[in-house]
Asks: 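Okay, handing you the structure first.
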Amino acid sequence: MGKVLGMLPSELLRRLDLGLEGDLPHLEEALTHPSFSNEQRGGRRVDNQRLEFLGDAVLGLCVTELLMERFPGAREGELSMMRSALVNTDALASWARGIELGAALRVGRGAEVAGERDQTNVLADATEALVAALYLDRGFESARALSRKIVASPLSQLASGSMLGRDAKSELQERVQARGAASPRYRLMGTEGPDHDRAFLVAVEVEGKVIGTGRGRSKKLAEQAAARAALVACASPEPRAATDATDEQRASADALEGAPEGTAAPPAGGASPESPVNDRGPSR
C-alpha cells in the first residue's frame, strides 16, 4: 500500500477520510487504469475493471438504502429516478473531480498523453472501484460511509426540492407548454400537524386535472414536491396498469405527456424530504 500512498496527495487522503488504520490491499488495484496494466510486462497484471463491476453493485445498494431511509413515502418509480440521478456516470465523475481522484490514478503513457486521467468514464469507474476496495478490505460499513459521501452533494439538492440543479416547477411548466396546454396551477389542499411542525399539502393541475401532489413544510417545498411527482409519473419506465388508475388520472397523465390512452397515471402523492412520514437503475 505504501507505493500507492506515495502517489496520493495528502489533500486527497484527507478528503477521502479513508484513514491509515488497517490495510487496504485492493487500493492499488482500484486506482489502476487498464492502460497502465496493459503496458506492464510479466507478472500478474490487474486493473480496476473487476472492482468497478463490484463497486457498481455495492454503491447502488448503499444509495438505494439511503433513499429509502431519506424518502420513506417515495414510490418505486420515484426512487429509481432519484437513484439514477445520484449514481450516473456524470455524477460519479463530478465527485471524483472534486476530490482530485484523477491525480491518484495509475494510467499508461499513451493514456496520459491523451488526457484519459480526467475523462468522465475513467473517473466514474475509479470511483466505483474505490467503493469496492473499501467493501472488500474494510467491510460494508466503510463502503456505506464512502457511498454516502459520494452522493451527499447531489442528494442535498434533491432534498431541497430541485431536480439536481433543475427547478422542478420550471421543468414541468416547459413540458406542459410544449404540449400546447395551459401552465400548471398549484392548489393548496390543506395543512396538517401542529403550528411548530406544520406540513402543507399541494396539488398541481393541468387543465383542471390533478397530475401530481406533494407535501412539505412550506408551500414552496410542497409545490416543488408536487411538480416532481408529476415529472416522475411521466418518466416512469414501468407504467401502472389501467386498473390502478381512474379515467380522470389517466387523462391527466395524457395531458402532460401527449401519450395514448391507457398510459401511466400520476402518483397519488408526491415525495417530500420535509415530511416526517412521507417524503440507480444501472449507473450507466
Side-chain angles (χ1 to χ4, degrees), residues 55-92 94-95 124 127-128 131 135 140 143-169 171-172 175 199 201-204 210-217 221-241 244-245 249 252-253 256-257 259 263-284:
D56 175 81
V58 175
L59 181 62
L61 172 60
C62 291
V63 173
T64 298
E65 176 188 61
L66 175 60
L67 289 172
M68 293 187 68
E69 170 189 302
R70 193 74 171 268
F71 304 99
R75 295 178 175 180
E76 179 184 2
E78 294 172 302
L79 292 170
S80 179
M81 183 177 182
M82 290 188 283
R83 182 179 60 188
S84 295
L86 295 177
V87 296
N88 61 61
T89 302
D90 289 334
L92 297 182
S94 178
W95 176 82
T127 297
E128 291 175 332
V131 171
Y135 171 74
F140 184 71
R144 173 191 281 155
L146 180 58
S147 296
R148 294 192 174 208
K149 290 179 182 180
I150 290 171
V151 302
S153 179
L155 180 62
S156 67
Q157 295 180 52
L158 187 69
S160 71
S162 67
M163 295 290 287
L164 298 174
R166 183 71 192 277
D167 178 66
K169 289 179 63 177
E171 183 168 344
L172 178 62
R175 292 196 186 191
L201 306 176
V202 168
V204 57
V210 174
I211 61 172
T213 61
R215 188 176 189 277
R217 291 184 178 177
L221 287 176
E223 289 176 355
Q224 288 285 355
R228 188 164 63 247
L231 289 169
V232 169
C234 70
S236 176
E238 296 181 2
R240 293 186 189 84
D244 291 337
Q249 287 175 321
S252 65
L256 175 60
E257 280 301 292
T263 53
S272 170
E274 296 298 329
S275 166
V277 293
N278 282 334
D279 147 82
R280 139 174 152 169
S283 63
R284 290 183 295 288

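Residues: numbered from 1 along the sequence shown. Values in this document were obtained by computation on a predicted structure and should not be read as measured data.
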Asks: Considering all heavy atoms of both residues, which atom of Val202 and which atom of Ala226 are nearest to each other, and what is their separation?
Replies: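 Where Val202 meets Ala226 most closely, the heavy atoms are O-CB, 3.8 Å.
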Asks: Can you tell me how far apart CG (Leu172) and CD (Glu223) are? Round to the nearest 0.5 Å.
Replies: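 Reported to 0.5 Å precision, the distance equals 11.5 Å.
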Asks: Working to the nearest 0.5 Å, report the span between CG of Leu61 and CG of Leu66.
Replies: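 Answer for the CG-CG pair, Leu61 versus Leu66, is 11.0 Å.
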Asks: Nearest 0.5 angstrom please: Arg228 CZ to Glu171 CD, how far?
Replies: 11.5 Å
Asks: Do you know which two heavy atoms are closest between Lys149 and Trp95, and how far apart they sit?
Replies: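 In terms of heavy atoms, the two residues are closest at O-NE1, 3.7 Å.
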Asks: Could you check whether any side-chain heavy atom of Leu92 comes within less than 4.5 Å of a side-chain heavy atom of Ile150, counting everything from C-beta outward?
Replies: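 Answer yes - side chains close enough.
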Asks: Ignoring hydrogens, what is the shortest heavy-atom contact between Ala227 and Val204? Give both atom names and the distance.
Replies: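 Scanning both residues completely, I find the closest heavy atoms to be N-CG1, 4.5 Å.
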Asks: To the closest 0.5 Å, what do you measure between CZ (Arg70) and CG (Leu79)?
Replies: 13.0 Å
Asks: Are side-chain heavy atoms of Leu67 and Leu155 found at a separation under 4.5 Å?
Replies: yes
Asks: Specify the closest pair of heavy atoms between Ala229 and Gly212, including all atoms of both residues, with the distance to one decimal.
Replies: CB-CA, 4.4 Å
Asks: Would you check if the side chain of Ser84 reaches a backbone N or O of Ser80 as a donor-acceptor pair within less than 3.5 Å?
Replies: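 Yes; at least one donor-acceptor contact below 3.5 Å.
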Asks: Between Val131 and Ala143, which heavy-atom pair has the shortest distance, and what is it?
Replies: O-CB, 3.9 Å
Asks: Between Ala91 and Ala85, which heavy-atom pair has the shortest distance, and what is it?
Replies: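 Closest approach of Ala91 to Ala85, heavy atoms only: CB-O, 3.8 Å.
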